[in-house]
Amino acid sequence: MVGKEVARRRTFAIISHPDAGKTTLTEKLLLFAGAIHIAGSVKARKATRHATSDWMEIEKQRGISVASSVMQIEYGDCVINLLDTPGHQDFSEDTYRVLTAVDAALMVIDAANGVEAQTLRLLDVCRARNTPILTFVNKMDREVREPLDLLDEIERALHMAAVPFTWPVGMGRGFRGVFDLRRNRMRVFRPGSDRLDDGDEIIDGLDNPEITLRFGNNAVNVRQEIELIRGASPAFSQAAFLAGMQTPVFFGSAINNFGVREVLDALVDLAPPPGSRAALQREVQPDEPKVSGVVFKIQANMNPAHRDRIAFVRICSGRFVRGMNLKIVRNDKDIRTNGVVSFLSQRRDLLDTAYPGDIIGIPNHGTLQLGDTLTEGERLQFTGLPFFAPEIFQAVEIADPMRSKQLKLGLAQLGEEGAIQVFRPHASSTLLLGAVGVLQFEVVAHRLKHEYGVEARLVPSKFQLARWVTAEDPRELKRFIDINAHRIAYDVVDAPAFLAAFGAELSVAEESWKSIRFHRMREHAGLVFQTHEMSG
């Protein structure tokens with residue numbers, strides 16, 4: 001039973017540079033799967049509709065995605081778990097954690113801009129995990145770059161072969177449709193809308209006289225280009241795709257509902273079902289009878305009226321049933337699952353069962369942390385959920401001291417999400433916030449005000465970098481902390497970090513303290529547990 005359900009699952013993330021059309025494509029995938037009947041536009045910021053996957057107030061105001069969204073839909077005989085990630089580079093850490101929970105990625109590229117900086121960073125993450133990648137080249141209804149140039153750039157940037165599955169006929173005002181190279185037919189372009197229209201016109205066969213009637217003198221060029229592509233492109237290999245050596249490429253216009261169906265069909269046909277997951281103790285197979293899962297994301301205040309916190313859990317093995325008892329391996333505490341939900345962005349439904357690959361939401365009040373492993377009793381710890389040392393620090397000042405309790409609550413909850421890192425200085429009461437990007441501070445200030453009723457002022461800190469510190473000998477670690485008390489702060493799980501105002505300061509500390517290890521990254525499975533053992 002579990003094996004059959006695993007085979008039906010496809011769990012993937014959509015990644016892109018900002019403004020490539022990722023959230024719009026997400027909307028249209030939901031539309032074609034029948035999950036929604038009208039798509040919101042991320043550009044219509046003053047309208048009453050917003051993208052289904054953008055639920056946070058600041059996202060609706062600015063028309064950007066700054067939090068990951070989870071959506072489960074059914075398409076054909078498959079259950080698709082779709083994760084929409086933040087496009088903005090300042091939120092790459094959240095995106096990285098989301099990518100640890102998926103089995104494939106759909107990369108969206110703006111046809112006018114090609115492969116951009118943030119896309120490259122995300123691709124590095126995918127390559128490190130050998131995550132299979134499908135590519136959608138968006139905005140072909142605009143004046144864009146030549147498809148052959150884009151294909152060449154994709155190959156150079158991804159260091160993998162690009163295999164076109166569809167090919168655009170024209171671009172901009174001359175965009176006429178896409179030719180499906182696998183099915184040998186053309187879908188004729190007609191500007192779409194926010195509703196689904198199944199009346200697409202299909203022309204079968206490259207030699208069909210209808211193509212000549214439609215395109216006149218351009219028909220010869222169309223046929224030559226498609227024949228060239230067919231001859232020059234490598235044959236698609238499922239094994240090479242799954243190994244991250246090939247990427248199928250699709251062209252279209254998400255805003256016009258065009259080329260989306262082909263992508264959705266390919267995700268079902270090509271993307272792998274959930275596979276085994278590495279734990280410190282052993283490899284966990286998805287069809288094992290016992291349930292296991294990992295918390296890869298925590299979101300506070302998805303429903304501001306209830307001040308709730310949802311832990312997003314990727315089911316890794318077994319058949320989950322609502323109400324079953326699960327154990328948090330980190331502290332051996334049991335957690336009840338009566339209120340577990342599935343998602344369509346901000347819409348939540350109680351779920352009864354879930355299988356490997358599914359993403360479930362467990363409401364809790366701080367019991368669960370990022371990276372926690374849940375099992376039916378076995379002591380497992382899934383690996384690979386990282387926290388990166390912040391690159392920017394700001395101190396928090398509160399306008400109304402009477403709201404200090406709300407400030408601490410808000411920062412504690414936002415810190416648990418991993419959206420920002422909260423540090424408690426060893427020798428000071430002023431909390432420090434650490435982030436990878438400046439926009440994270442803006443989002444935190446906005447959320448403190450609107451979700452916790454706290455007017456906070458964030459001011460630059462003298463510290464510019466951080467390293468978590470550990471040592472073989474706990475006494476040596478304590479001596480280091482005591483001597484460097486003015487540069488030590490503790491994060492949300494009380495792991496000590498050394499803060500420096502500039503690089504040379506860190507270099508001196510590393511040279512002077514050979515017994516101390518300085519870490520750019522802490523992983524929940526390793527460094528944090530070790531640090532707790534050291535401190536007591």
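Everything quoted here is computed from the prediction, not taken from an experiment. The first residue of the sequence shown is numbered 1, and numbering continues consecutively from there.
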Self-check item: Heavy-atom pair with the smallest gap, counting every atom of Leu134 and Leu270
Solution: CD2-CD1, 4.4 Å
Quiz item: Do NZ/NE/NH1/NH2 and the carboxylate oxygens of Arg517 and Glu472 come within less than 4.0 Å?
Solution: yes
Quiz item: Using 30° and 60° as the class limits, which term best fits the ring planes of Phe480 and Phe498: parallel, tilted or perpendicular?
Solution: tilted
Quiz item: For Ile392, what residues pass the side-chain contact (heavy atoms from CB on, under 4.5 Å) criterion, not counting sequence neighbours?
Solution: Val438, Phe441
Quiz item: Got a salt bridge between Lys478 and Asp482, using NZ or NE/NH1/NH2 to carboxylate O under 4.0 Å?
Solution: yes
Quiz prompt | Summary of salt bridge (charged side-chain N to carboxylate O under 4.0 Å, His left out) pairs that have at least one residue in residues 71-81, sequence neighbours excluded | solution = Arg8-Glu74, Arg8-Asp77
Quiz item: Does the pair Asn325 and Asp334 meet the rule for a side-chain hydrogen bond (donor to acceptor under 3.5 Å, both in side chains), with working shown?
Solution: CA-CA 6 Å; Asn325 268 342; Asp334 289 336; 5.0 Å; no
Practice problem: For residues Ile335 and Lys327, determine if any side-chain heavy atom of one lies less than 4.5 Å from a side-chain heavy atom of the other. | Solution: no
Quiz item: Who passes side-chain hydrogen bond (donor to acceptor under 3.5 Å, both in side chains) against Arg314, sequence neighbours left out?
Solution: Asp103
Quiz item: Between the main-chain N or O of Ile133 and the side-chain N or O of Thr247, is there a donor-acceptor pair closer than 3.5 Å?
Solution: yes
Exercise. Please identify each residue that fulfils side-chain hydrogen bond (donor to acceptor under 3.5 Å, both in side chains) with Arg10, with sequence neighbours left out.
Key: none
Quiz prompt | Under 3.5 Å: donor-acceptor pair, side chain of Thr373, backbone of Phe382 | solution = yes
Exercise. Just say parallel, tilted or perpendicular for the rings of Phe236 and Phe241, cut-offs at 30° and 60°.
Key: tilted
Quiz item: Could Glu378 and Arg282 be called an ion pair, given the rule that one side-chain N must be under 4.0 Å from one carboxylate O?
Solution: yes
Self-check item: Contacts of type side-chain hydrogen bond (donor to acceptor under 3.5 Å, both in side chains), residue Asn338, not counting sequence neighbours
Solution: none
Quiz item: Between Gln72 and Asn81, is any side-chain donor less than 3.5 angstrom from a side-chain acceptor?
Solution: yes
Quiz item: Between Ala354 and Asp358, what is the shortest heavy-atom contact and its length?
Solution: CA-OD2, 3.5 Å
Practice problem: Check whether the ring centres of Phe250 and Phe136 lie less than 6.0 Å apart, and answer yes or no. | Solution: no
Quiz item: Counting distance only, does the side-chain N/O of Thr11 pair as donor-acceptor with the main-chain N or O of Val102 below 3.5 Å?
Solution: no
Exercise. Answer yes or no: are there more than 12 heavy-atom neighbours, outside Arg336 itself, under 6.0 Å from its atom CZ?
Key: yes
Quiz item: How about Glu283 and Ser276: does a side-chain donor come under 3.5 Å of a side-chain acceptor?
Solution: yes
Practice problem: Ignoring hydrogens and angles, state whether a donor on the side chain of Arg319 or Tyr355 is under 3.5 Å from an acceptor on the partner side chain. | Solution: yes
Exercise. Would you please name every residue forming a side-chain contact (heavy atoms from CB on, under 4.5 Å) with Glu391, sequence neighbours left out?
Key: Val436
Quiz item: Under 3.5 Å, is there a donor-acceptor pair linking the side chains of Ser292 and Thr375?
Solution: no
Quiz item: Is Val294 close to Val313 at the side-chain level, that is, under 4.5 Å between some pair of heavy atoms?
Solution: no
